[in-house]
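The structure follows.
For this chain, numbers begin at 1 and follow the sequence in order. Order of listing sets the numbers, starting from 1, for every ligand and every atom in it.
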Amino acid sequence: MKGPDTTSRAVLAESAYSDERHLAARQSLYGWQRPRHDLPGIVLDHLPVEVGVVLDVGCGNGKYVTRIRAQRPDLTVIGMDISAGILTGVGPPVAVADAAALPAADDCAAAVLAMHMLYHVTDLNAALSEVARVLKPGGVVIASTNARDDKRELDDLWGSAAADVLGTDHRPLRISLSSGFSLDDAPDLLRTYFADVRVVELPGVITVTEPEPVIAHLASYRAWADSVGVPFDVTLDRARQRLHELIERDGAFHIHCRGGILLCTAR
Ligand SMILES: C[S@@+](CC[C@H](N)C(=O)[O-])C[C@H]1O[C@@H](n2cnc3c(N)ncnc32)[C@H](O)[C@@H]1O
């Protein structure tokens with residue numbers, strides 16, 4: 001069964017990421033994850049040692065841009081995103097750009113980041129060709145995404161809440177952003193364009209003792225509310241109620257996370 005299309009540029013730029021609100025709600029759920037993984041720290045560990053340009057494609061609210069600029073002032077970090085709105089909080093240099101048509105010269109970047117964004121790209125081959133084109137010989141590509149079974153407890157929660165709302169056994173799918181470029185498929189895709197592809201798996205468990213952080217996460221998919229096949233806000237309310245009951249019964253709700261970072265080099 002296929003979920004909603006999460007690659008529409010209009011929806012991404014004008015709704016899902018028109019500002020950082022929804023992204024920040026999703027990012028904040030990881031505050032309850034153990035172990036905590038310092039993704040910008042891992043990226044910093046794998047950046048080239050020499051001075052150069054780093055392009056952060058799909059930089060969002062600048063989590064990586066800000067940290068790299070602070071810790072590696074010798075590098076020029078350019079944030080790029082399809083949404084002009086989300087770039088307003090990221091300091092210059094930034095550019096509104098589509099991953100499939102990067103406004104950058106051939107062989108200009110010592111590193112290209114594509115963190116939790118390739119699953120939003122309509123034409124993955126076009127985007128990966130662009131990353132390969134702008135990357136210097138010896139340059140590095142760092143990408144990230146989640147596995148297909150990431151946060152599977154949220155699939156159950158959303159599915160059962162939606163089935164309750166619809167009054168049927170049919171369980172509409174939760175929106176899963178990463179399915180178009182999952183950690184399961186990403187290494188082979190990346191090997192078509194880059195060398196030395198390595199996966200750093202970052203498993204963890206989120207534990208909450210109140211529903212709100214989880215409901216805020218589910219609510220962050222509001223941009224795709226029209227295509228989930230069930231009234232969105234009513235389903236959120238039902239999920240909140242179910243979560244409350246589960247936490248009352250078990251003392252906590254656990255969510256298994258399977259994210260990862262992919263490290264590659266130019267061919
Ligand atoms: C899930 S957010 C990730 C943000 C950031 N990289 C991070 O990991 O915190 C995805 C970002 O990719 C951007 N995006 C989606 N499709 C894009 C495309 N084709 N080209 C450039 N940016 C895109 C979105 O606007 C959004 O800011």
- [ ] Verify, without hydrogens or angle tests, whether D81 (side chain) and V96 (backbone) share a donor-acceptor contact under 3.5 angstrom.
- [x]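 A pair under 3.5 Å: no.
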TODO: Just jot down the ligand 1 atoms closer than 4.0 angstrom to any heavy atom of L12, in number order.
DONE: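 The atoms of ligand 1 under 4.0 Å from a heavy atom of L12 are 15 (C), 16 (N).
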- [ ] List the closest protein heavy-atom neighbour of atom 15 (C) of ligand 1: residue, atom name, distance to the nearest 0.1 Å.
- [x]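 Nearest neighbour among protein heavy atoms for atom 15 (C) of ligand 1, to 0.1 Å: H120 CB, 3.5 Å.
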Open item on the list: One thing to verify: whether D156 and R171 come together as a salt bridge, which I'm taking to mean a side-chain N less than 4.0 angstrom from a carboxylate O.
Closed with: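 Looking at R171 and D156, the cut-off is met.
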Task: Residues in salt bridge (charged side-chain N to carboxylate O under 4.0 Å, His left out) contact with D106, at least two apart in sequence or another chain - done: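 If we apply the salt bridge (charged side-chain N to carboxylate O under 4.0 Å, His left out) test to D106, skipping adjacent residues, the hits are R133.
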Open item on the list: Which residue and atom name correspond to the protein heavy atom nearest atom 22 (N) of ligand 1, and how close is it?
Closed with: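 Atom 22 (N) of ligand 1 sits closest to the protein heavy atom I82 N, 3.3 Å.
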TODO: Report the residue from V140, I142, L135 that forms a side-chain contact (heavy atoms from CB on, under 4.5 Å) with V112.
DONE: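 Testing each of V140, I142, L135 against V112, the sole residue satisfying side-chain contact (heavy atoms from CB on, under 4.5 Å) is L135.
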Open item on the list: Need the ligand 1 atom indices (1-based, order shown) with element for anything under 4.0 Å from a heavy-atom of D98.
Closed with: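 Listed by number with element, the hits are 18 (C), 19 (N), 20 (N).
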Task: Within reach of ligand 1, part of R9 (heavy-atom separation under 4.0 Å) - done: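 Neither part.
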Open item on the list: What I want to know is whether M80 and ligand 1 share at least one N or O pair that is separated by under 3.5 angstrom.
Closed with: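 Min N/O separation from ligand 1 is not below 3.5 Å for M80.
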Task: Check: L189 main-chain N/O paired with T192 side-chain donor or acceptor under 3.5 Å - done: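 Answer holds: yes.
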TODO: Verify the neighbour count for atom CZ of R198: are there more than 12 heavy atoms of other residues, nucleotides or ligands below 6.0 Å?
DONE: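 Open: at most 12 neighbouring heavy atoms sit under 6.0 Å from CZ of R198.
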- [ ] Measure C59 to ligand 1 on non-hydrogen atoms and call it side chain, backbone, both or neither using the 4.0 Å cut-off.
- [x]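 The answer is the backbone of C59.
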Open item on the list: Considering non-hydrogen atoms of the protein only, which is the closest contact for atom 27 (O) of ligand 1, and what is the distance?
Closed with: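 The protein heavy atom lying closest is D81 OD2, 2.7 Å.
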Task: Nearest-contact summary for atom 8 (O) of ligand 1 - protein heavy atom, Å - done: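 For this ligand atom, the closest protein heavy atom is M115 O, 3.3 Å.
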Task: For Q27, atoms of ligand 1 separated by under 4.0 Å from a heavy atom - done: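 Matching atoms, with element in brackets: 9 (O).
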Open item on the list: Less than 4.0 Å is my threshold; does some heavy atom of A97 fall inside it relative to ligand 1?
Closed with: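 Contact check A97 vs ligand 1: positive.
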TODO: Before signing off on this row, confirm whether A99 and ligand 1 have an N or O atom pair separated by under 3.5 Å.
DONE: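 Among all N and O atoms of A99, at least one is under 3.5 Å from an N or O of ligand 1.
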Open item on the list: Please determine whether salt bridge (Lys or Arg N to Asp or Glu O under 4.0 Å) holds for the pair R9 and E14, giving the CA-CA distance in whole Å, both sets of side-chain angles, and the decisive distance to 0.1 Å.
Closed with: CA-CA 8 Å; R9 289 169 56 166; E14 289 156 30; over 6 Å; no
- [ ] Could you check atom 10 (C) of ligand 1 against the protein and tell me its nearest heavy-atom contact, residue, atom and distance included?
- [x]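 Here the closest protein heavy atom is H116 O, 3.5 Å.
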Open item on the list: Measuring centre to centre across the rings, with the benzene-like ring taken for any Trp, is H22 within less than 6.0 Å of Y221?
Closed with: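 Between H22 and Y221, the centre distance exceeds or equals 6.0 Å.
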Open item on the list: For the CZ atom on R267, are there more than 12 heavy atoms of other groups (residues, nucleotides or ligands in this structure) within a distance under 6.0 Å?
Closed with: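 Yes, the 6.0 Å shell around CZ holds more than 12 heavy atoms from other groups.
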- [ ] Check each atom of ligand 1 against the heavy atoms of Y64 and keep those under 4.0 Å away; list them by number with element.
- [x]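 Close to Y64: 7 (C), 8 (O), 9 (O).
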Task: S144 side-chain N/O to H116 backbone N/O, donor-acceptor pair under 3.5 Å - done: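 Side chain of S144 to backbone of H116, a donor-acceptor pair under 3.5 Å: yes, one is there.
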Task: For atom 4 (C) of ligand 1, the protein heavy atom that lies nearest, with its residue and separation - done: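 Scanning the protein heavy atoms, the shortest distance from atom 4 (C) of ligand 1 goes to G58 O, 3.4 Å.
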- [ ] Give yes or no for whether the N/O distance cutoff of 3.5 Å, strictly under, is met between Y119 and ligand 1.
- [x]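 There is no such contact.
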Open item on the list: Need the ligand 1 atom indices (1-based, order shown) with element for anything under 4.0 Å from a heavy-atom of G60.
Closed with: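 Those qualifying, in numeric order: 4 (C), 27 (O).
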Task: Donor-acceptor contact present, side-chain D150 to main-chain R258, <3.5 Å - done: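 Looks like yes, one N/O pair under 3.5 Å.
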